[in-house]
A.B. asks: 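Starting off with a structure, shown below.
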Amino acid sequence: MNVPYQFFIALRYFKAKKRHKGISINTLISIGGVALGVMALIVVLSVMGGFHEDLQKKILGANAHIVVLNYGGRIQNYEPLREKINDIQGVKYSSPFIFGQVMLSFGERAFGVIVRGVEPEQETDTTDILKYLKDGSVKGLKKDNSEVPGIIIGRELARNLGLLTGDEVRMISPTGDIGPLGMIPRMKKFKVAGIFEIGMYEYDSNLAIINIHDAQDFFRFGDAITGFEVKVNNVDNSAAVADKIETALGTPYYAKDWMQMNRNLFSALKLEKLVMFIILVLIVLVASFNIISNLIMIVIEKSREVAIIRAMGATSRGVMSIFMIHGIAIGIIGTLLGLAGGYITCYLLKTYRFINLPPDIYYLSYLPVRMSLFDFIVVPATAVIISFLATIYPSWQAARLNPVEPLRYE
């Protein structure tokens, strides 16, 4: 097997001068710069992907894929509409719900929350929120004509109010009945039947679940509802299914998918990921300048050897190939080291979760990581391409070297 001489010479240039041992310090710095840039890119993109995936999982855990509402407000005689929605292609299940804003009071503490009235049996088929119960049972939500109906609240809300399972809490509506002295707020007692914890502060501190019949009584809805929660077969096609639902039901009904309801959040994450990618690519570009400077120094240092090679019959293209191979080898070695370092760091972050976050700011209690095959392909490819481009100018300079000048006084 004949290997071109360019490879032997290019690999030999990794060594330091004879009086030193090992690899040249300039080469090590160049490799380290590429490795650091690739590692940073891999880790940051994986963390940003983890944020996106974790937020999507928790948002869809607490909410349906699609919400169907009425421009006029309440929906009367809703069962025929529900059957019509279930018959639409792509819809897996649907359930009615009531939505309202109230204040929960316990002792001297009070917090404003969002209350959702649901059918417990149907809600488990539409969302996963009742599957996140940490204490209590869903049975407490079922309508049993008891004096005190049940309510399920989030873990953070329970801590803020000082509530435990079995405690009674007062629900107060901002709107009420007109009395002789003006507006009288509606008030009703509920017993804490369970406590859920999704892991997203916004839901754990601001959401309460009650039976839909109790919600109808409390908000004076009669037999009406606020809308429908819809679960689809493929979450990525939720927007298309929402359009089908709007077409089938017509005016005054409209449907919003989960991406529409959280558009600002996911758009911000997408933009942030793009900006971080651009910023961190600049790190690789800075590392490429190390490659350029390293190759220029090698060209100056090895000018005599280059002249001898040219005198022995090597072409300009052959000399150029030597330095390009050397530069690309630096880029590939640095990229592989960066890939290994990035993978190990992501694995440790994902397995041990040793970086904690304040959940009231980041919605999450730990740093999420999602390693994507796409990122592990695009980042190394970008680093190698940048490294290749960095070799062109120094290699061209070496190819233009006049072999006569270095050997003139030998």
A.B. asks: Has Arg74 got its NZ or CZ under 6.0 Å from the middle of the six-membered ring of Phe221, at an angle within 45 degrees of the ring axis?
C.D. replies: yes
A.B. asks: If I take atom CD1 from residue Ile31 and atom CD1 from residue Ile332, how far apart are they, to the nearest 0.5 angstrom?
C.D. replies: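 Result: 11.0 Å between the selected atoms.
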A.B. asks: Does any non-hydrogen side-chain atom of Leu41 lie less than 4.5 Å from one of Thr382?
C.D. replies: no
A.B. asks: Roughly how far, to the nearest 0.5 Å, is CD1 of Ile98 from CD1 of Ile212?
C.D. replies: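 With rounding to 0.5 Å, CD1 (Ile212) is 4.5 Å from CD1 (Ile98).
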A.B. asks: Given 3.5 Å as the limit, does a donor-acceptor pair link the side chain of Ser46 with the main chain of Cys346, or not?
C.D. replies: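 The answer is no, because no donor-acceptor pair under 3.5 Å joins these two groups.
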A.B. asks: Once side chain to side chain donor-acceptor pair (under 3.5 Å) is applied, do any residues pair with Arg263, and if so which ones, sequence neighbours excluded?
C.D. replies: none
A.B. asks: For Gln89, I'd like to know if atom CD has over 12 heavy atoms of other residues, nucleotides or ligands within 6.0 Å.
C.D. replies: no
A.B. asks: Are Val102 and Phe218 packed together at the side-chain level, in the sense that at least one heavy-atom pair is separated by less than 4.5 angstrom?
C.D. replies: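 A side-chain contact exists here, since the closest heavy-atom pair is under 4.5 Å.
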A.B. asks: Under 3.5 Å, side chain of Asp204 to main-chain N/O of Ile198, donor-acceptor pair present?
C.D. replies: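 Here the side-chain-to-backbone pair exists.
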A.B. asks: Could you tell me which non-hydrogen atom of Gly227 sits nearest to which non-hydrogen atom of Ile75, and how far apart they are?
C.D. replies: CA-CD1, 3.8 Å
A.B. asks: Nearest heavy-atom pair of Ala383 and Thr335: which atoms, and what distance?
C.D. replies: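 So the two residues come closest at CB-OG1, 3.5 Å.
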A.B. asks: CD1/Ile245 to CD1/Ile85 distance, rounded to the nearest 0.5 angstrom?
C.D. replies: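 So the CD1 of Ile245 and the CD1 of Ile85 are separated by 5.5 Å.
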A.B. asks: Would Ile195 and Val192 satisfy side chain to side chain contact (heavy atoms under 4.5 Å, CB included), going step by step from the backbone distance to the final call?
C.D. replies: CA-CA 8 Å; Ile195 297 174; Val192 178; 4.2 Å; yes
A.B. asks: Using the side chain to side chain contact (heavy atoms under 4.5 Å, CB included) rule, take Val34 and Ile291 through it: C-alpha gap first, then chi angles, then the decisive distance, then the call.
C.D. replies: CA-CA 9 Å; Val34 175; Ile291 296 176; 3.9 Å; yes
A.B. asks: Drop me the distance from Ser372's OG to Ile377's CD1, to the nearest 0.5 angstrom.
C.D. replies: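 Rounded to the nearest 0.5 Å, the OG-CD1 separation comes to 8.5 Å.
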A.B. asks: For Glu197, enumerate each residue passing the salt bridge (Lys or Arg N to Asp or Glu O under 4.0 Å) test, keeping only those at least two apart in sequence or located in another chain.
C.D. replies: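 Applying salt bridge (Lys or Arg N to Asp or Glu O under 4.0 Å) to Glu197 gives Arg155.
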A.B. asks: Just so I know, are the side chains of Leu104 and Leu161 near enough to count as touching, which here means a heavy-atom distance under 4.5 Å?
C.D. replies: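 Heavy-atom side-chain distance check passes, below 4.5 Å.
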A.B. asks: Please report the interatomic distance CD1(Ile328) to CE(Met324), rounded to the nearest 0.5 Å.
C.D. replies: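 Here the rounded value is 5.0 Å.
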A.B. asks: Taking atom CE of Met261 as the centre, does the number of heavy atoms from other residues, nucleotides or ligands within less than 6.0 Å exceed 12?
C.D. replies: yes
A.B. asks: What pairs with Asp223 under salt bridge (Lys or Arg N to Asp or Glu O under 4.0 Å), at least two apart in sequence or on another chain?
C.D. replies: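 Partners of Asp223 under the salt bridge (Lys or Arg N to Asp or Glu O under 4.0 Å) test: none.
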A.B. asks: Just to verify, what does Lys131 make a side chain to side chain donor-acceptor pair (under 3.5 Å) with, not counting sequence neighbours?
C.D. replies: Asp128
A.B. asks: If we ignore hydrogens and angles and just use 3.5 Å, is the side chain of Glu83 paired with the main-chain N or O of Pro80 as donor and acceptor?
C.D. replies: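 Not confirmed, Glu83 side chain does not pair with Pro80 backbone.
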A.B. asks: Taking only residues two or more places apart in sequence or in another chain, which ones pass salt bridge (Lys or Arg N to Asp or Glu O under 4.0 Å) with Arg159?
C.D. replies: Glu156
A.B. asks: So, do Trp258 and Leu60 sit near enough that their side-chain heavy atoms are less than 4.5 Å apart?
C.D. replies: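 SC-SC contact between Trp258 and Leu60 confirmed.
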A.B. asks: Kindly check if the number of other-residue, nucleotide or ligand heavy atoms within 6.0 Å of NZ (Lys244) is above 12?
C.D. replies: yes
A.B. asks: Not counting sequence neighbours, which residues clear side-chain contact (heavy atoms from CB on, under 4.5 Å) with Asn86? List them please.
C.D. replies: Arg82, Val91, Ser94
A.B. asks: For Ala35, give me all partners under side-chain contact (heavy atoms from CB on, under 4.5 Å), at least two apart in sequence or on another chain.
C.D. replies: Leu337
A.B. asks: Apply side chain to side chain donor-acceptor pair (under 3.5 Å) to Arg400 and list each qualifying residue two or more places apart in sequence or on a separate chain.
C.D. replies: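 Expected list: Gln397.
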A.B. asks: Are any side-chain N or O atoms of His65 and backbone N or O atoms of Val230, one a donor and one an acceptor, separated by less than 3.5 Å?
C.D. replies: no
A.B. asks: Do other residues, nucleotides or ligands put more than 12 heavy atoms under 6.0 Å from the CD atom of Gln101?
C.D. replies: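 No, because the 6.0 Å sphere around CD of Gln101 holds 12 heavy atoms or fewer from other groups.
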A.B. asks: On a heavy-atom basis, which atom in Met320 and which in Ala399 lie closest, and how many Å separate them?
C.D. replies: CB-CB, 4.0 Å
A.B. asks: Taking only residues two or more places apart in sequence, or in another chain, which ones meet Thr126 in a side chain to side chain donor-acceptor pair (under 3.5 Å)?
C.D. replies: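 Once residues adjacent in sequence are excluded, the partners of Thr126 under the side chain to side chain donor-acceptor pair (under 3.5 Å) criterion are Ser95.
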A.B. asks: At their closest point, which heavy atom of Thr391 faces which heavy atom of Ser387, and how far apart are they?
C.D. replies: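 Heavy atoms of Thr391 and Ser387 come nearest at CG2-O, 3.2 Å.
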A.B. asks: Measure the shortest side-chain to side-chain distance between Ile42 and Val38 over non-hydrogen atoms and say whether it is less than 4.5 angstrom.
C.D. replies: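 They are in side-chain contact.
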A.B. asks: Start with the C-alpha gap between Leu285 and Leu282, add the side-chain angles, then the distance that decides, and say whether side chain to side chain contact (heavy atoms under 4.5 Å, CB included) holds.
C.D. replies: CA-CA 5 Å; Leu285 285 172; Leu282 295 177; 3.7 Å; yes
A.B. asks: Has the side chain of Thr351 got a donor or acceptor atom that lies under 3.5 Å from a matching backbone atom of Leu348?
C.D. replies: no
A.B. asks: Under the side-chain contact (heavy atoms from CB on, under 4.5 Å) rule, collect the residues that match up with Arg353, sequence neighbours excluded.
C.D. replies: Tyr366
A.B. asks: Backbone N or O of Glu202 within a donor-acceptor pair of the Asn206 side chain at under 3.5 Å?
C.D. replies: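 Looks like yes, one N/O pair under 3.5 Å.
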A.B. asks: Does a side-chain heavy-atom distance below 4.5 Å link Asp214 with Phe190?
C.D. replies: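 Side chain of Asp214 against side chain of Phe190, heavy atoms only: contact under 4.5 Å found.
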A.B. asks: The test is side chain to side chain contact (heavy atoms under 4.5 Å, CB included); show your working for Phe376 and Met371 and say whether it passes.
C.D. replies: CA-CA 8 Å; Phe376 276 79; Met371 289 182 279; 3.9 Å; yes
A.B. asks: What donor-acceptor contacts under 3.5 angstrom involve side-chain atoms of residues 108-124, with partners at least two apart or in another chain?
C.D. replies:
residue, atom, partner, partner atom, Å
Arg109, NH1, Asn160, O, 3.0
Arg116, NH1, Ala62, O, 2.9
Arg116, NH1, Glu229, OE2, 3.4
Arg116, NH2, Ala62, O, 3.1
Arg116, NH2, Asn63, OD1, 3.3
Glu119, OE2, His213, NE2, 3.4
Glu123, OE2, Thr127, OG1, 2.7
Thr124, OG1, Glu121, O, 2.9

A.B. asks: So, using side-chain contact (heavy atoms from CB on, under 4.5 Å) as the criterion, who are the partners of Tyr254 when residues are at least two apart?
C.D. replies: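 Tyr254 satisfies side-chain contact (heavy atoms from CB on, under 4.5 Å) with Leu69, Tyr71, Glu246, Lys256 once adjacent residues are dropped.
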A.B. asks: Surrounding CZ of Phe374 (heavy atoms of other residues, nucleotides or ligands, distance under 6.0 Å), is the total greater than 12?
C.D. replies: no
A.B. asks: Is there side-chain contact between Lys84 and Leu249, with at least one heavy-atom pair below 4.5 Å?
C.D. replies: yes
A.B. asks: Could you tell me if the side chain of Ile355 sits less than 4.5 Å from the side chain of Leu349, heavy atoms only?
C.D. replies: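 The answer is yes; the side chains approach within 4.5 Å.
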A.B. asks: Nearest 0.5 Å, please: how far is CD1 in Ile151 from NZ in Lys188?
C.D. replies: 11.0 Å
A.B. asks: Identify the heavy atoms of Ser288 and Ala390 that sit nearest to each other, and give their distance.
C.D. replies: O-CB, 3.6 Å
A.B. asks: Kindly give the heavy-atom pair with the smallest separation between Pro368 and Asp54, and that separation in Å.
C.D. replies: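 Scanning both residues completely, I find the closest heavy atoms to be CB-CB, 4.2 Å.
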